[in-house]
Amino acid sequence: MSRSVLRHASGASILNARMGRSGSADLPLHGGRVPEWLSSRMARLGTVIVEALLLEEGPHGVLRRLAHPFWFQAFGCVMGMDWHSSGITTSVLGALKRGLAGRDKELGLVVCGGRGAQSRKTPGELVAFGERTGLDGAALARTSRLVAKVDSAAVQDGFDLYLHGFVAATDGAWVVVQQGMRAKTATARRYHWLSESVKSFVEEPHTAIEGQPFGAIVNLTDRRAAASRDAQVALASDPDRIVRELRSPHLQMPAHHDVRPTDVFLRRVHATLAAAAENGPADFADLLLQPGVGARTVEALAAVAEIVHGAPCRFADPARFSLAHGGKDWHPFPVPLRVYDRTISVLKHAVEQARLGREERLGALRRLDEQARRIESRATGRPDLELLIETERERSPSYGGRDVSGPARGRQLALPLDAPLGERRTSTV
């Protein structure tokens, strides 16, 4: 098994040293816990989406997506987490750790670490992973510690790290997602690292660093700080250079809770709804051999299809993916549990069939995503986002809607689960 190895100053090897910061995200700091009714579903949906991605792109494809801050946020949104909050980081990593546990040999991936005390267990979990797979777990553990040190000590931007997640493949490739808190401004910053970038931990390992300015940022990984690093190693004076910030994929989420037209690309919302209308309910249900799948479930599946197949440029508006399964804080609308469970069921069936060589089932998702993109290129008009959200809230009891306060309350409409939503359909050329 080939491995890329860097020699640390101490002489110890570090697995897969070609690594670097792949992006960052600034988010409003939210407290609270994810209720069990949602966290269990997030684990199931997150796992089956990863399984679909593994079939399409392999373990490295999954790692690359997790390393992209916009895709990561959209992934959390489609699973029903608060669309703009810092809690997406904890809940997505927790859902994947829970859903993939014990399956690293089967799937080729393991999720280690987490928030607070769980983050401190990361090295031990990586050592155990190495023992199961034959990898150098100690080297992976050293990599974990060094990445955390770079973002907490070598780069000082005012955010104190409190979460560290390490996702590793059985061939030694990895991604790190960690998050820091700035209590004074009630904000959090998420950092993404991927084992496919530069040559050194200590000299410009980041593809970029960017965020809201909170005073001077000390970046000792800049190549111009080499003399300062050498001096510190020699126990000399403190560094005398404050250096530049670099550009990167950077996600800046707003503080407001409601999903507004300015938070999404309405043309893409239009295309998703229209693709669902043109591909469901009857023919899509027949295609996936899942009776009872109708327009509302196909709309959710269209968002999931884009998560699996979409290019990085498609995720600049993560809020759009919250329209699939809502959010636990009632924004944009309560989580429609019956739709959510049907989405998991359809996707799980498609993955199971694909593993048996019947790839046409999983291919249906790809075609649904392709249809949305074709419609997007020729769609006319703009969907009324506020009307769409209000309609969903009114029908929430019919979908088994729920948020952190309990079951959705509202005007109960006598509609079957996947009744066509006429108000939501938009015309196309």
Side-chain angles (χ1 to χ4, degrees), residues 19-30 34 42-43 45-47 49-50 52-54 57 59-100 109 111-115 119 147 151 159 161-169 173-180 187-197 206-211 248-254 263 303-304 306-322 324-325 327:
M19 41 75 66
R21 173 88 65 75
S22 57
S24 60
D26 282 359
L27 313 158
L29 190 61
H30 281 198
V34 181
M42 289 184 70
L45 181 58
T47 298
I49 287 175
V50 166
L53 276 169
L54 286 169
E57 302 179 7
H60 288 199
V62 176
L63 296 180
R64 292 186 192 105
R65 288 181 178 269
L66 291 172
H68 195 288
F70 290 85
W71 185 89
F72 190 97
Q73 194 77 14
F75 186 37
C77 288
V78 87
M79 290 197 286
M81 189 56 192
D82 302 336
W83 67 278
H84 67 149
S85 83
S86 62
I88 273 186
T89 312
T90 305
S91 59
V92 166
L93 291 173
L96 294 185
K97 187 171 184 178
R98 183 175 181 177
L100 302 180
L109 289 174
V111 181
C112 302
R115 179 177 179 174
S119 69
V147 169
D151 280 340
F159 289 81
L161 293 185
Y162 68 94
L163 179 150
H164 178 87
F166 196 111
V167 184
W174 53 265
V175 65
V176 169
V177 179
Q178 49 193 13
Q179 189 156 288
T187 53
R189 178 168 293 171
R190 189 170 67 230
Y191 310 89
H192 296 250
W193 291 72
L194 181 65
S195 59
E196 290 181 358
S197 290
H206 312 94
T207 5
I209 309 167
E210 184 176 338
S248 73
H250 177 71
L251 175 65
Q252 178 71 48
M253 300 302 286
D263 297 320
V304 171
E306 190 169 351
I307 288 288
V308 175
H309 297 288
C313 63
R314 304 285 300 179
F315 301 102
D317 58 336
R320 179 165 50 94
F321 294 87
S322 68
H325 297 123

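Counting begins at 1 with the first residue of the sequence.
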Heavy-atom pair of closest approach, residues [X] and [Y]:
| X | Y | result |
| --- | --- | --- |
| L194 | A67 | CB-CB, 3.8 Å |
| L63 | L109 | CD2-CD2, 4.0 Å |
| P318 | Q73 | CB-CG, 3.7 Å |
| A25 | P69 | CB-CB, 4.3 Å |
| V177 | L66 | CG2-O, 4.0 Å |
| A188 | Y162 | CB-OH, 4.3 Å |

Can you find a pair of side-chain heavy atoms, one from [X] and one from [Y], that are under 4.5 Å apart?
| X | Y | value |
| --- | --- | --- |
| Y191 | L161 | yes |
| I88 | F75 | no |
| L96 | V167 | no |

Nearest 0.5 angstrom please: C112 SG to H164 NE2, how far?
9.0 Å
Roughly how far apart are R314 CZ and E306 CD, rounded to 0.5 Å?
4.5 Å
List in chain and number order the residues that pass side chain to side chain contact (heavy atoms under 4.5 Å, CB included) with [X], two or more places apart in sequence or in another chain; answer none if no residue qualifies.
| X | value |
| --- | --- |
| R65 | L53, E57, W71, F315 |
| A324 | V78, A300, A303 |
| T47 | E51, L100, R103 |

Run the side chain to side chain contact (heavy atoms under 4.5 Å, CB included) test on L163 and T90 for me, step by step, so that the C-alpha distance in whole Å, both residues' side-chain angles and the decisive distance to 0.1 Å come before the verdict.
CA-CA 8 Å; L163 179 150; T90 305; 3.1 Å; yes
Counting N and O atoms only, with roles assigned by atom type, does the side chain of S322 sit under 3.5 Å from a partner on the main chain of A319, one being a donor and the other an acceptor?
yes
Answer yes or no: is there a donor N or O on one side and an acceptor on the other, between the side chain of S195 and the main chain of W174, under 3.5 Å?
yes
Residues forming a side-chain hydrogen bond (donor to acceptor under 3.5 Å, both in side chains) with T89, sequence neighbours excluded:
Q179, R190
Does any pair with a residue in residues 70-80 pass salt bridge (Lys or Arg N to Asp or Glu O under 4.0 Å), and if so which ones, sequence neighbours excluded?
none
Pairs where residues 87-100 contributes a residue and the test salt bridge (Lys or Arg N to Asp or Glu O under 4.0 Å) is met, not counting sequence neighbours:
E36-R98, K97-E125
